[in-house]
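Each chain gets a letter, A, B and so on, in the order the sequences are listed, and its residues count up from 1.
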Protein chains: 2
Amino acid sequence: MESRDRRRAATLAEIKAAARRLLVSGGSSAVGLRAVARELGLTPPALYRYFPSHEALIGAMIADLYDELTTALMQLQTTEEVPDLGERLYLLANGLRNWGLAHPAEFTLLFGTAVPTPDADDHDETPGHQAAMRFGDVFKELVAQIWYWKPFPYPPDELLGKELIAQLTQESEHFQGMPPGAIYLSLTYWTRLYGLICMEVFGQLHWVLPDAGAYFEAQLREIGEALGLDCPPAD
Amino acid sequence: MESRDRRRAATLAEIKAAARRLLVSGGSSAVGLRAVARELGLTPPALYRYFPSHEALIGAMIADLYDELTTALMQLQTTEEVPDLGERLYLLANGLRNWGLAHPAEFTLLFGTAVPTPDADDHDETPGHQAAMRFGDVFKELVAQIWYWKPFPYPPDELLGKELIAQLTQESEHFQGMPPGAIYLSLTYWTRLYGLICMEVFGQLHWVLPDAGAYFEAQLREIGEALGLDCPPAD
DNA sequence: CGTTAACAGTTAACGCTGTTCACTCAGGCT
DNA sequence: AGCCTGAGTGAACAGCGTTAACTGTTAACG
């Protein structure tokens, strides 16, 4: 006999699975409360035993997607033994890109939606936010590893300005004590990667490059080189 | 007495104005057909005299927003006399950023939504697509001006790979005959700008930098320097 | 000038959505 | 055994995009 909580957890998983299915097949607008209920052979109000609102369901799905992406990227780096840190950066970047291209609906939900500002008063810790931070940590960790394995050259503080240096210094603890200039450079490459992948997944790059694969690789090579890693050569 | 077409054009403008108002105040989901009608004191079916569907209304709004952004950026470069091309790049980049920060809902609608792939068969020329291309041309033009004013150093072809070079060469005509390496560099900076602004507007940067202004300026300085332009110093 | 046709706009309705309330009914706990 | 929690249902409400049939006004044409 299945324990009550177990049954509940099972249906909860089924709900999220159905929601995910609808998201993939029809985009975020297709994942409606009624549609999910229909998918499970339930009546709409039944779902309110599991989620207080439609928005909460979407939020839970976002958190799950972040976690899925995070573990997928981490596995990509650990399963295949990769002693080379350059290879790991390459795997991480390509993994993120491939995930986005393979799951455009999910990617759009995670990265193409404006997240409400934390309001600065109290960091509203929704599950989605926490999962997003865990996702960011993957990159931060790798970057710190690269730094402490072989420090890379970074721009002098004068170029960045006092204010930015101050802000970056405050973030130093989250980057395992890296100097602000190195954090700046890491951030630069992170935003470059993000912009690249967003533009490609959102189709914003089609107008100039029908296939952005080669472009992405070149960018990756450039970044790896700047970080002092040896990357596979072009062609 | 107002001509019939004039009255029609007027109401059409009012509809789009109301839609815009709703977009600003409540995000894209607030732009409903019925809500727009309510805003104008009309009944919902009346709007079908002006737009064949709700989606068409949104599409028209997207096209308008692209055009508004495009002309705003062009005016920014022409009204104030700016002989210096570095200043113009600075104005363009900051103009785009400021527009995005000032109009997050509109920005999200334009850049945070996956545009359906052109299907490669026949470039479906919706008004939105055309307007998006006009927007892209602003950047292409400025970059070409900078290039022909004072060519900037670009990476050697060996670093980019044959395939990418071939793709970029094909786009050379849209960049006024610039060499592929220079197009590559221009594209690099465009994607960097895009990623930077997207991350900031979508709130993806809050987690590491509460105020991305200084960071953005440093990035801009870096880009300007690489293009051989003199930019204002930090602080 | 009078007729006609096009057009803006309305009312009513359909099926859809998220959400709430009152209810049933089975399972687990004391 | 009896109660009670909780999963699930049915009916209903308001709002959504959309369609059809209808009204009145207004421009155009014989």
Side-chain angles (χ1 to χ4, degrees), chain A residues 1-63 105 109 113 116 126-128, chain B residues 1-63 105 109 113 116 126-128:
Chain A
M1 180 92 251
E2 266 193 331
S3 129
R4 200 110 126 172
D5 313 21
R6 270 186 123 46
R7 183 84 207 93
R8 179 177 178 83
T11 358
L12 213 153
E14 281 178 50
I15 292 175
K16 296 201 279 194
R20 174 69 178 278
R21 234 176 299 136
L22 290 166
L23 174 69
V24 171
S25 67
S28 77
S29 70
V31 41
L33 199 119
R34 289 181 115 100
V36 172
R38 212 176 299 127
E39 200 85 357
L40 304 185
L42 289 180
T43 54
L47 296 187
Y48 283 82
R49 297 278 160 193
Y50 300 89
F51 294 98
S53 73
H54 175 238
E55 190 187 345
L57 199 168
I58 302 291
M61 191 166 56
I62 289 179
L109 190 61
T113 309
T126 76
Chain B
M1 178 93 247
E2 266 191 331
S3 130
R4 200 110 125 169
D5 312 21
R6 268 188 122 46
R7 184 82 207 93
R8 180 177 177 81
T11 17
L12 212 153
E14 280 178 49
I15 291 175
K16 295 201 280 194
R20 173 70 176 278
R21 233 176 300 137
L22 290 166
L23 174 69
V24 170
S25 68
S28 76
S29 70
V31 183
L33 202 127
R34 290 181 116 101
V36 171
R38 210 178 300 126
E39 199 85 357
L40 304 186
L42 290 180
T43 54
L47 296 188
Y48 283 83
R49 299 276 156 192
Y50 300 89
F51 295 97
S53 73
H54 176 238
E55 189 187 346
L57 200 169
I58 302 290
M61 190 165 58
I62 289 179
L109 191 60
T113 309
T126 77

(request) Report yes if a side-chain nitrogen or oxygen of B:Thr43 is closer than 4.0 Å to either non-bridging phosphate oxygen (OP1 or OP2) of C:dT10; otherwise report no. (result)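 B:Thr43 to C:dT10 OP1/OP2: side-chain N or O found under 4.0 Å.
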
Nucleotide [N], atom [atom2] - distance to [atom1] of [X] in whole Å:
| X | N | atom1 | atom2 | value |
| --- | --- | --- | --- | --- |
| A:Leu12 | D:dG8 | CG | P | 11 Å |
| B:Glu39 | D:dC16 | CD | P | 12 Å |
| A:Leu33 | C:dT17 | CG | P | 10 Å |
| B:Arg4 | D:dT25 | CZ | P | 12 Å |
| A:Arg49 | C:dT19 | CZ | P | 15 Å |
| B:Asp5 | D:dT26 | CG | C1' | 12 Å |
| A:Leu40 | D:dG8 | CG | P | 10 Å |
| A:Ile58 | C:dT17 | CD1 | C1' | 13 Å |

(request) Tell me which of A:Ser53 and B:Thr11 sits closer to the 5' end of DNA chain C, going by the nucleotide each one is nearest to. (result)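 First, find each residue's nearest nucleotide; the 5'-ward one identifies B:Thr11.
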
Of the candidate nucleotides [options], which contains the atom at the shortest distance from the side chain of [X]?
| X | options | result |
| --- | --- | --- |
| B:Leu42 | D:dT18, D:dG6, C:dT10 | C:dT10 |
| B:Tyr48 | D:dG15, D:dT19, C:dT20 | D:dT19 |
| A:His54 | C:dT19, C:dC16, D:dT18 | C:dT19 |

Atom of [X], atom of [Y] and distance for their closest heavy-atom approach:
| X | Y | answer |
| --- | --- | --- |
| A:His54 | A:Gly32 | NE2-CA, 3.9 Å |
| B:Met61 | B:Val31 | CE-CG1, 4.0 Å |
| B:Leu109 | B:Ser28 | CD1-CB, 4.1 Å |
| A:Ala19 | A:Leu57 | CB-CD2, 3.8 Å |

(request) Scan every strand shown for a Watson-Crick or G-U wobble partner of D:dG30, both distances under 3.5 Å, and answer none if you come up empty. (result)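 Base partner found: C:dC1.
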
(message) Return whichever of A:Arg8 or A:Pro45 has its heavy-atom-nearest nucleotide of DNA chain D closer to the 5' end.
(response)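 Whichever sits nearer the 5' end wins; that is A:Arg8.
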
(request) Spell out yes or no: do the side chain of A:Arg34 and the base of C:dG18 have one donor N/O and one acceptor N/O closer than 3.5 Å? (result)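 Answer yes: a donor N or O sits under 3.5 Å from an acceptor.
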
(request) Could you check if a side-chain atom of B:Ile15 sits within less than 4.5 angstrom of a side-chain atom of B:Phe51, using non-hydrogen atoms only? (result)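 Yes; the side chains approach each other to less than 4.5 Å.
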
(request) Describe the nucleic acid contact of B:Tyr50 in one word from base, sugar-phosphate, nothing, applying a heavy-atom distance below 4.0 Å. (result)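 Since only primed, P, OP1 and OP2 atoms lie under 4.0 Å of B:Tyr50, the category is sugar-phosphate.
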
